[in-house]
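Heads up: the structure comes next, in structure tokens.
Both counts, for ligands and for their atoms, begin at 1 and track the order of listing.
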Amino acid sequence: MKANEIANYFVEKTADMMELSGNVKKLLLTPKRQLKVQIVLEREDGNLAIFTGYRVQHSDARGPFKGGLRYHFAVDMEEVEGLASLMTWKTALVDIPFGGAKGGINCDPKSLSQRELEILTRKFVEQIHEFIGPMKDIPAPDVNTNASVMAWIMDEYSKIYGFNPAVVTGKPVDLFGSQGREEATGRGVYFVTAFLLHSMGRSIKDCSYAIQGFGNVGSWAATFIHQHGGKIVAVSDVSGGLYNKNGIDIDSLKDYVRKKGEVKGFPEADYITNEELLTADCDVLIPAALNGVIDTHIAKEIKAKIIVEGANAPILPEADQYLEKNGVIVVPDIIANSGGVIVSYFEWTQNIQQFRWQYEKVIDELYQKMKSAYDSVYNLAKSKKVSLRTASYIIALGKVAKAIIQRGVY
Ligand code: NAD
């Protein structure tokens, strides 16, 4: 099942439950603009390679389009469309003045040199610059993109339009980025995990965790959970997984990954597969790699009673139904990984105001935003006796539908 079908499934289900009109439902499901561009790159060996780039702008009813940029071989229009839709619900749920978008280039970034990646990125900007901008659409990092990629985008865009740091977020801190942005998504995953455990009368340090993905989101979520006394028994990345029932020392693992580039071979744990990681014996499972990794077959084997979606759309709808029926609590992506876009909003605000926030202010404001969104989701779920995902969608769809109606449909 593709990411757009997953996203649309949850939207349709909630819209029907909310008895939204057919017309509003159609508007919520239909992306406003879909771009597909061809990027020609002269490789260092002299051969020409042609890549396909995408940008889907799902909704700007509540503010400029906002969403990450992914470099991966699985990127296609359907995936980008689904991820763009998720951004619309995420920005609405956490109440920041943006809509939803997503983009990407279908490529294997590991097979490209840094120089080739830079040229690819700049050529992508050449193709889409008319459609992005500080008040139009603001890209950010996602899978296999980082602060350097954002700096190239800012530089290329500024060549055409002049000084414009707010065109993109997730930039290096020394180049108009925000303090705390790099680790914001992982920190947010830690915050919501702590909020949920607190609601259940438990705490971070009472629990054991398995985390899939040791990139930006996974490694920072692991860092904060580890720092607060949580026992991380399993971790994985694309190279495979690690398991140690006594807990993995995340600082040593980070050092190891910095040197070796992957978790495989880390000496203080046993090797496991990614499927074994998802079904490992633990209290909390945090999928923080790719979408669609938990199907019904895997869901039936999952031992964790809590799943916090660090990644976007890691659970397929049927598996989600199975988990809900079987009492597994899922904290959905649109709140669990919203920390990144919240601090992106702070970065955009700082760029527009030409004013820098202190690190402590960023963390405090992030905490307040996430706590307030979590409380409204948790209270609604409790009062309506629905899952946290359904409650999140009810709030998000309600806000976007209201904005569409207030703007006027003609
Ligand atoms: P990243 O590129 O920094 O890291 C991805 C990690 O997943 C790497 O450790 C990689 O090895 C691992 N991985 C890739 N394929 C895998 C596979 N088949 N099995 C197991 N592990 C695999 O990406 P990221 O920014 O950490 O993003 C991870 C997820 O979080 C994505 O779903 C992304 O959309 C979502 N997300 C990211 C942000 C952000 O701020 N970066 C914000 C919100 C959501």
Side-chain angles (χ1 to χ4, degrees), residues 3 6-7 66-75 79-80 82-87 89-91 93-94 100-104 107-110 139-150 168-171 177-178 180-189 192 210-223 234-242 253-254 256-258 260-264 272-278 285-294 298 308-315 332-345 347 366 370:
I6 301 176
K66 181 91 189 85
L69 206 55
R70 176 178 290 203
Y71 290 178
H72 194 265
F73 56 80
V75 166
E79 181 178 87
V80 177
L83 296 170
S85 161
L86 281 182
M87 286 306 295
W89 318 124
K90 196 179 297 181
T91 53
L93 179 61
V94 299
K102 201 83 178 189
C107 65
D108 176 8
K110 286 209 172 83
D142 193 76
V143 175
N144 293 327
T145 58
N146 54 22
S148 302
V149 176
M150 299 306 119
V168 77
T169 57
K171 299 177 291 290
S178 177
R181 171 60 184 91
E182 198 212 317
E183 66 270 34
T185 310
R187 189 189 294 273
V189 169
V192 290
I211 303 180
Q212 183 184 49
F214 205 66
N216 177 288
V217 182
S219 70
W220 281 111
T223 303
V235 164
S236 73
D237 67 8
V238 70
S239 71
L242 306 169
L253 179 60
K254 281 174 102 172
Y256 181 86
V257 171
R258 226 168 274 132
K260 304 276 180 182
E262 56 187 30
V263 303
K264 197 174 174 182
I272 57 170
T273 63
N274 258 294
E275 185 161 338
E276 285 168 331
L277 176 128
L278 294 169
L285 171 64
I286 304 180
L290 295 176
N291 32 302
V293 292
I294 300 178
I298 289 183
V308 181
E309 292 186 327
N312 283 310
I315 304 179
D333 44 12
I334 59 172
I335 180 158
N337 66 33
S338 63
V341 75
I342 294 174
V343 177
S344 274
Y345 164 51
E347 179 175 332
L366 171 64
M370 294 203 71

* Give a yes-or-no answer on whether the side chains of Asn312 and Asn337 include a donor-acceptor pair shorter than 3.5 Å. => yes
* How does Asp237 reach ligand 1, by side chain, by backbone, by both or by neither, if only non-hydrogen atoms under 4.0 Å count? -> both
* Structure fact -> Going by the 4.0 angstrom heavy-atom rule, the piece of Ala140 near ligand 1 is neither
* Asked: At their closest point, which heavy atom of Asn144 faces which heavy atom of Tyr71, and how far apart are they?
  -> ND2-O, 2.8 Å
* Numbered atoms and elements of ligand 1 in range of Phe214, under 4.0 angstrom, heavy atoms -> 9 (O)
* Between the main-chain N or O of Thr145 and the side-chain N or O of Asp142, is there a donor-acceptor pair closer than 3.5 Å? -> no
* Counting each atom of ligand 1 from 1 as listed, which ones have a heavy atom of Asn337 under 4.0 Å away? -> 43 (C), 44 (C)
* **Minimum side-chain heavy-atom gap Val192-Met370 below 4.5 Å** => yes
* To do: Could you check atom 18 (N) of ligand 1 against the protein and tell me its nearest heavy-atom contact, residue, atom and distance included?
  => Leu290 CD1, 4.0 Å
* Numbered atoms of ligand 1 (with element) below 4.0 Å of Arg70, judged on heavy atoms -> 31 (C), 32 (O), 33 (C), 34 (O)
* Short N or O distance, Gly215 and ligand 1, threshold 3.5 Å exclusive -> yes
* Structure fact -> Closest heavy-atom approach to atom 35 (C) of ligand 1 among Thr169, Asn312, Asp333, Thr273 is made by Asn312
* Shortest non-hydrogen separation from Asp237 to Asn274 and the atoms involved -> O-ND2, 3.0 Å
* Structure fact -> min-distance protein heavy atom vs atom 27 (O) of ligand 1 -> Val143 CG2, 3.7 Å
* Around atom 39 (C) of ligand 1, find the nearest protein heavy atom and jot down its residue, atom name and distance. => Thr185 OG1, 3.4 Å
* To do: Kindly give the heavy-atom pair with the smallest separation between Asp333 and Lys90, and that separation in Å.
  => O-CE, 4.0 Å
* **Proximity winner for atom 32 (O) of ligand 1, if only heavy atoms of Ala184, Ala289, Gly218 are counted** => Ala289
* Asked: Mind checking whether Val257 and Leu253 have side chains closer than 4.5 Å, heavy atoms only?
  -> yes
* Whether Glu262 lies under 4.0 Å from ligand 1, heavy atom -> no
* Asked: So, for Ile334 and Leu86, which heavy atoms are closest and what is the spacing to 0.1 Å?
  -> CG2-O, 3.6 Å
* In Å, rounded to the nearest 0.5 Å, how long is the span from CD of Glu183 to CG of Leu366? -> 9.5 Å
* To do: Using non-hydrogen atoms of the residue, decide whether Arg181 is closer than 4.0 angstrom to ligand 1.
  => yes
* Would one find an N or O of Asn216, backbone or side chain, under 3.5 Å from an N or O of ligand 1? -> yes
* Which of the atoms of ligand 1 are close to Val238, meaning less than 4.0 Å from one of its heavy atoms? -> 10 (C), 11 (O), 12 (C), 13 (N), 14 (C), 15 (N), 16 (C), 21 (N), 22 (C)
* To do: Go through ligand 1 atom by atom and flag the ones less than 4.0 Å from a non-hydrogen atom of Asp142.
  => 25 (O), 33 (C), 34 (O), 36 (N), 37 (C)
* Asked: Roughly how far apart are Gln212 CD and Leu285 CG, rounded to 0.5 Å?
  -> 8.0 Å
* Check Val75 against Gly104 and note the closest heavy-atom contact, atom names and distance. => CG1-C, 4.0 Å
* To do: Using distance alone, determine whether Lys90 and ligand 1 share an N or O pair under 3.5 Å.
  => no
* Can you find an N or O of Val217 that's nearer than 3.5 Å to an N or O of ligand 1? -> yes
* Asked: For ligand 1, is any non-hydrogen atom under 4.0 Å from Asn274's backbone (N, CA, C, O), its side chain (CB onward), both, or neither?
  -> side chain
* **Distance, nearest 0.5 Å, that separates NZ of Lys264 from CG of Leu242** => 11.0 Å
* Any Asn144 heavy atom less than 4.0 Å to ligand 1 -> yes
